[in-house]
Amino acid sequence: MSHSNDPRFHRSPFKLVIGGELVDGAKLIDVTNPATEQPVAACPVASVEQLEDAIRIAKRAFPGWSSTSLDQRRALMRNLAGAIEDRIELLSALLTAEQGKPLSQAKFEIQRGCAILRHFAEAELPVRTLRDSERERIYERRGPLGIVAAIVPWNFPILLLMNKLGPALLSGNCVIAKPAPTTPLTTLRIGEICAEILPAGVFSVICDANDLGAVLASHRDIAKVAFTGSTETGRKVFQSGAATLKRLTLELGGNDPALILDDANLDEVAPQIFRCAMANSGQVCMAIKRVYVPDALHDDLCRRLADLAAAAIVGDGTDPRTQFGPVQNSAQFEKLKVLLADCKDRGTVASGKVPSHSRGYFIAPTIVRDIPDDARIVQEEQFGPILPVLRYTSVDDALARMNGTEFGLGASVWSTNVSRAAEIAEQVCSGTVWVNRHMVADPAVPFRGARQSGIGAELGDAGLHEFTQAQVINISLRGG
Ligand code: NAD
């Protein structure tokens, strides 16, 4: 019986995955369930020597792996997606326990992760002919980079891993994944599945206590860092990679504005704004984090959003009625409580309900109005279920305020006049601007941040190319 078909698979102690082997860490740290504040399990964390081992083994595996055919790699990626889906019930229960999100959303995250793997299993890396004449032939091909570090945050531990693993494997790279210290467990189980399917050394999982990301990001044998996390840490990764001119993808923070135009239909728009601000308890890089609304619609929108907040069901993600789980960790919980106090000080707040028991990192969906532009909730990325509603008198004024930030991840414009909305969308400084939708991701559509929300893209052909080295072959056909 293979290890992951064993019913004990999901109860066995967690191990690091290094070079296809399951190994103990240098020490153990507790992973906490954010709904109960009780430990979920002990997670092994690696020593620097174990990280060096993982890199050494990946380096040995790389020549063999990168010379497998594209078809062999496609087949393994499909097998991997299937094997993860076969265990989705157990994996999603584990994801809910460590991350806090409702079980149906944990399942959705893992399904989406598998869909991303399958998407990249079918993607192409075509050779591009640049010149083809009697005199010369010039073409561009793409090969792998080497060993890729996939550094992931705690809001979507599996989806954000797959954004990296899919294109990295297809293009023939070896990968070392480093999950966030508060959400490592589901990644370790997926690592165990990978160890059964992929050649040894192609995929390793290293857990840490927030101390090994910097080692990976500066290591001379790591060719690329694919990083998702905060803008602050992204700057450190940028610096760490400088000495070796590492290839980098930085998917960083956002402060996405939604602009509601005066002809918008609030029956349609208000529930969507609420959902796109509060999903995953606001812990989505591309969630709506500020709403700009014309004077005439302001009070109506605030009332509707406050009603939705009052009706929201917040609780433990294992309860099927729960719509919004806790925030993921105590540091984020403390940060949000301070932000909330500032909102109460400087604006008017309407909050929903949290469970009455005292345990768990619960913050109710909260709508903030009458808050000045220089308040923290407007200027900073809240990364939680607190949404400021800001009134405007002219679209130009709203655009200037929307664009007056260092961030530029996503944004949206809402209107019954789609061409007017699209014209205004082009004036927003963000990598993606949605019209009459927000937070829609598609494996075939690149996602990238403008300004300090990131460098490079994930998903789509652009996201695949980030894991390749382009090479031009330039041939003279006149003798030689
Ligand atoms: P974080 O930056 O604190 O941590 C992210 C990861 O980086 C973790 O695995 C962490 O251990 C690791 N890390 C810490 N220090 C490091 C260092 N010096 N070098 C390398 N790695 C290091 O982010 P977080 O708090 O876990 O996640 C929340 C943030 O992630 C938010 O700002 C959110 O907007 C952002 N995010 C962005 C996207 C996107 O696609 N743009 C998606 C999801 C989340």
Side-chain angles (χ1 to χ4, degrees), residues 29 31 34 43 45-46 51 98-99 101 109 112 116 149-164 176-184 187 205-219 222 224-242 246 248-256 279-289 327-336 380-384 405-411 430-432 439 441 445-460 463 466:
I29 54 169
V31 173
C43 171
V45 299
L51 175 58
E98 66 174 335
Q99 206 284 334
K101 63 184 64 188
E109 175 176 348
R112 282 302 293 259
I116 291 165
I151 302 181
V152 178
W154 40 259
N155 57 340
F156 288 93
I158 305 308
L159 189 73
L160 296 170
L161 171 66
M162 294 307 174
N163 281 356
K164 302 164 180 56
I176 296 179
K178 198 209 75 62
T182 56
T183 54
T187 306
V205 183
I206 287 292
C207 301
D208 71 341
N210 241 350
D211 53 344
L212 294 180
V215 181
L216 275 168
S218 58
H219 200 286
I222 297 289
K224 174 188 170 78
V225 179
F227 173 85
T228 304
S230 62
T231 295
E232 195 187 336
T233 311
R235 287 191 193 102
K236 292 184 192 157
V237 172
F238 196 78
Q239 262 170 352
S240 305
K246 241 175 251 323
L248 295 174
T249 315
L250 302 177
E251 292 286 351
L252 308 179
N255 193 0
D256 286 18
N280 209 36
S281 297
Q283 302 161 116
V284 186
C285 57
M286 52 168 125
I288 294 176
K289 296 186 177 131
V327 296
Q328 201 278 317
N329 56 70
S330 60
Q332 187 63 12
F333 185 52
E334 296 307 322
K335 179 191 140 185
L336 287 170
E380 297 174 21
E381 179 185 40
Q382 62 274 53
F383 219 60
T405 160
E406 70 188 27
F407 294 110
L409 196 58
S430 297
T432 300
M439 217 170 66
V445 177
F447 182 70
R448 55 168 73 82
R451 306 203 277 202
Q452 293 187 41
S453 283
I455 293 178
E458 280 195 339
L459 304 178
E466 298 272 352

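One-based numbering, in listed order, for ligands and for the atoms of each. The chain is numbered in sequence order, starting from 1.
The proximity of Leu409 to ligand 1, defined as any non-hydrogen pair under 4.0 Å, is limited to the side chain. Contacts between Leu160 and ligand 1, counted as non-hydrogen atom pairs separated by less than 4.0 Å, involve the side chain only. Contacts with ligand 1 closer than 4.0 Å are made by side-chain heavy atoms of Ile151 only, the backbone lying farther away. Contacts of Phe227 with ligand 1, taken as heavy-atom pairs under 4.0 Å, involve the side chain alone. When heavy-atom distances to ligand 1 are checked against a 4.0 Å cut-off, Ser240 has no atom that comes that close, whether in backbone or side chain. Contacts of Glu232 with ligand 1, taken as heavy-atom pairs under 4.0 Å, are absent altogether. Residue contacts with ligand 1 for Asn155 involve side-chain atoms from C-beta outward but no N, CA, C or O (heavy atoms, distance under 4.0 Å).
Ranking protein heavy atoms by distance to atom 21 (N) of ligand 1, first place goes to Gly213 CA, 3.5 Å. Annotation: atom 14 (C) of ligand 1 to nearest protein heavy atom, Asn210 OD1, 3.4 Å. Given atom 13 (N) of ligand 1, the protein heavy atom at minimum distance is Thr233 CG2, 3.7 Å. Nearest protein heavy-atom contact of atom 5 (C) of ligand 1 is Thr228 O, 3.7 Å. Closest protein heavy atom to atom 34 (O) of ligand 1: Glu381 OE2, 2.6 Å. For atom 23 (O) of ligand 1, the closest non-hydrogen atom of the protein is Ser230 N, 3.4 Å. Among protein heavy atoms, the minimum distance from atom 25 (O) of ligand 1 is reached at Trp154 NE1, 3.1 Å.
For ligand 1, the atoms closer than 4.0 angstrom to any heavy atom of Gly253 are 32 (O), 34 (O). Near Val152, meaning under 4.0 Å from any of its heavy atoms, are these atoms of ligand 1: 6 (C), 8 (C), 9 (O). Short contacts between ligand 1 and Pro179, defined as distances under 4.0 Å to a heavy atom of the residue, involve ligand atoms 9 (O). Listed by number with element, the atoms of ligand 1 under 4.0 Å from a non-hydrogen atom of Val237 are 19 (N), 20 (C). Taking a cut-off of under 4.0 Å to the non-hydrogen atoms of Pro153, the atoms of ligand 1 that pass are 24 (P), 26 (O), 27 (O), 44 (C).
Looking at Cys207, Cys285, Ala214, Ala149 and measuring to atom 42 (C) of ligand 1, the nearest heavy atom belongs to Cys285. Among Phe383, Phe156, Phe238, the residue whose heavy atom sits closest to atom 28 (C) of ligand 1 is Phe383.
Heavy atoms of Pro181 approach ligand 1 to within less than 4.0 angstrom.
Not one N or O on the side chain of Asn155 forms a donor-acceptor pair closer than 3.5 Å with the backbone of Asn280.
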### Task
May I have the step-by-step check of side chain to side chain contact (heavy atoms under 4.5 Å, CB included) for Thr182 and Val31, ending in yes or no?
CA-CA 6 Å; Thr182 56; Val31 173; 6.0 Å; no

### Query
How far apart are the C-alpha atoms of Lys246 and Ser240, what are their side-chain angles, what is the distance that settles it, and do they pass the side chain to side chain donor-acceptor pair (under 3.5 Å) test?
CA-CA 9 Å; Lys246 241 175 251 323; Ser240 305; over 6 Å; no

